Amino acid sequence: QVQLVESGGGLVQAGGSLRLSCAASGGTFSRYAMGWFRQAPGKEREFVATINWSGGSTYYADSVKGRFTISRDNAKKTMFLQMNSLKPEDTAVYYCGARPDLSTVVGGMAPTLLRWYNYWGQGTQVTVSS
């Protein structure tokens with residue numbers, strides 16, 4: 001079983017950048033596919049990006065493609081989300097999720113769904129001012 005802790009959120013102006021981290025403990029991090037989701041006030045939690053166990057395959061929501069980059073460091077048991085060109089509509093609580101999975105390619109609908117992930121962190125707030 002893995003425990004996840006997000007960090008790196010904060011307040012930033014539109015056009016700025018933030019780097020989120022998701023630190024894992026209690027499990028074999030390199031055996032997990034990982035994902036980032038976000039939830040804005042009054043809205044459902046939505047998919048942002050996912051990465052396979054090795055970091056060799058990634059997939060993004062259209063709304064963040066070209067602006068956000070997901071990555072991981074298995075030696076440090078940490079996943080990252082580099083967010084550039086931030087917009088006010090990126091304001092949300094960002095959550096990381098994990099699922100034991102050794103697929104070489106992340107694809108299809110499954111990794112974009114909340115129920116595909118077994119473990120979640122507590123979230124970190126990102127606020128983008130206009």
Side-chain angles (χ1 to χ4, degrees):
Q1 188 168 351
V2 64
Q3 291 81 46
L4 305 173
V5 178
E6 302 95 336
S7 62
L11 173 64
V12 64
Q13 288 188 331
S17 298
L18 280 175
R19 190 192 196 202
L20 304 184
S21 298
C22 173
S25 62
T28 305
F29 182 69
S30 60
R31 297 182 66 86
Y32 289 83
M34 303 291 295
W36 285 100
F37 284 69
R38 65 187 182 186
Q39 187 166 18
K43 295 187 176 182
E44 294 185 350
R45 195 174 300 189
E46 65 174 8
F47 169 75
V48 174
T50 186
I51 188 167
N52 79 323
W53 67 273
S54 69
S57 180
T58 59
Y59 183 73
Y60 298 89
D62 287 343
S63 59
V64 306
K65 200 173 297 182
R67 299 188 297 123
F68 291 10
T69 302
I70 190 172
S71 62
R72 66 190 295 163
D73 185 334
N74 284 347
K76 296 182 178 180
K77 297 185 177 182
T78 305
M79 175 180 65
F80 305 98
L81 186 69
Q82 177 66 44
M83 305 186 295
N84 298 329
S85 303
L86 283 161
K87 305 175 181 179
E89 51 264 43
D90 294 319
T91 294
V93 177
Y94 283 70
Y95 299 89
C96 63
R99 174 189 171 94
D101 188 272
L102 295 178
S103 300
T104 55
V105 176
V106 288
M109 282 295 294
T112 71
L113 302 176
L114 285 169
R115 62 177 182 267
W116 193 73
Y117 296 85
N118 302 100
Y119 307 102
W120 292 96
Q122 83 292 344
T124 185
Q125 176 70 47
V126 171
T127 303
V128 184
S129 63
S130 57

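Given the structure is predicted, the values throughout are model-derived calculations rather than measurements.
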Pairs where residues 73-115 contributes a residue and the test disulfide bond (SG atoms under 2.5 Å apart) is met, not counting sequence neighbours: C22-C96
Keeping to residues at least two apart or across chains, list the side chain to side chain donor-acceptor pair (under 3.5 Å) pairs with something in residues 15-36. S17-N84
For S129, give me all partners under side-chain hydrogen bond (donor to acceptor under 3.5 Å, both in side chains), at least two apart in sequence or on another chain. none
Apart from L102 itself, its cluster of hydrophobic side chains linked below 4.5 Å comprises W53
List in chain and number order the residues that pass side-chain contact (heavy atoms from CB on, under 4.5 Å) with S54, two or more places apart in sequence or in another chain; answer none if no residue qualifies. N52
If you look only at pairs with a residue in residues 31-79, which of them pass as a disulfide bond (SG atoms under 2.5 Å apart), with sequence neighbours excluded? none
In terms of hydrophobic clusters joined by side-chain contacts under 4.5 Å, are L18 and Y60 together? yes
How long is the gap from CE on M83 to OG1 on T69, to the nearest 0.5 Å? 11.0 Å
When you measure from the side chain of T112 to the backbone of F47, do you find a donor-acceptor pair of N or O atoms at a distance under 3.5 Å? no
Which pairs would a plain distance check flag for residues 7-16, meaning a side-chain donor or acceptor within less than 3.5 Å of a matching protein atom at least two apart in sequence or in another chain?
none

When hydrophobic residues are tied together by side-chain contacts of less than 4.5 Å, even through go-betweens, does L114 share a cluster with L81? no
Ring pair (Phe, Tyr, Trp, His ring centres under 6.0 Å) pairs, two or more places apart, involving residues 76-96: none
Inter-residue atom distance Q122.CD - Q3.CD, 0.5 Å rounding: 12.0 Å
Of all heavy-atom pairs linking T91 and V128, the shortest is OG1-N, 2.9 Å
Write down the atom of A40, the atom of A92, and the distance for their closest heavy-atom approach. N-CB, 3.8 Å
Can you spot which of V48, L86, I70 makes a side chain to side chain contact (heavy atoms under 4.5 Å, CB included) with V64? V48
List the steps, then state whether side-chain contact (heavy atoms from CB on, under 4.5 Å) holds for I51 with V106. CA-CA 7 Å; I51 188 167; V106 288; over 6 Å; no
Which salt bridge (charged side-chain N to carboxylate O under 4.0 Å, His left out) pairs, counting each pair once, include a residue from residues 87-106, with sequence neighbours left out? R38-D90, R67-D90
Any non-hydrogen side-chain atom of M34 less than 4.5 Å from a side-chain atom of L4? yes
K65: partners by side-chain hydrogen bond (donor to acceptor under 3.5 Å, both in side chains), with sequence neighbours left out: D62
Could you give all pairs that pass the ring pair (Phe, Tyr, Trp, His ring centres under 6.0 Å) test and reach residues 106-130, with sequence neighbours left out? F37-Y117, F37-W120, Y117-W120
Between E6 (side chain) and G123 (backbone), is there a donor-acceptor pair under 3.5 Å? yes
With no hydrogens and no angle check, is any side-chain donor or acceptor of R72 less than 3.5 Å from a backbone partner on F29? yes
How does the hydrophobic cluster around M109 look, that is, which other residues are in it when side-chain heavy atoms under 4.5 Å mark a link? L113
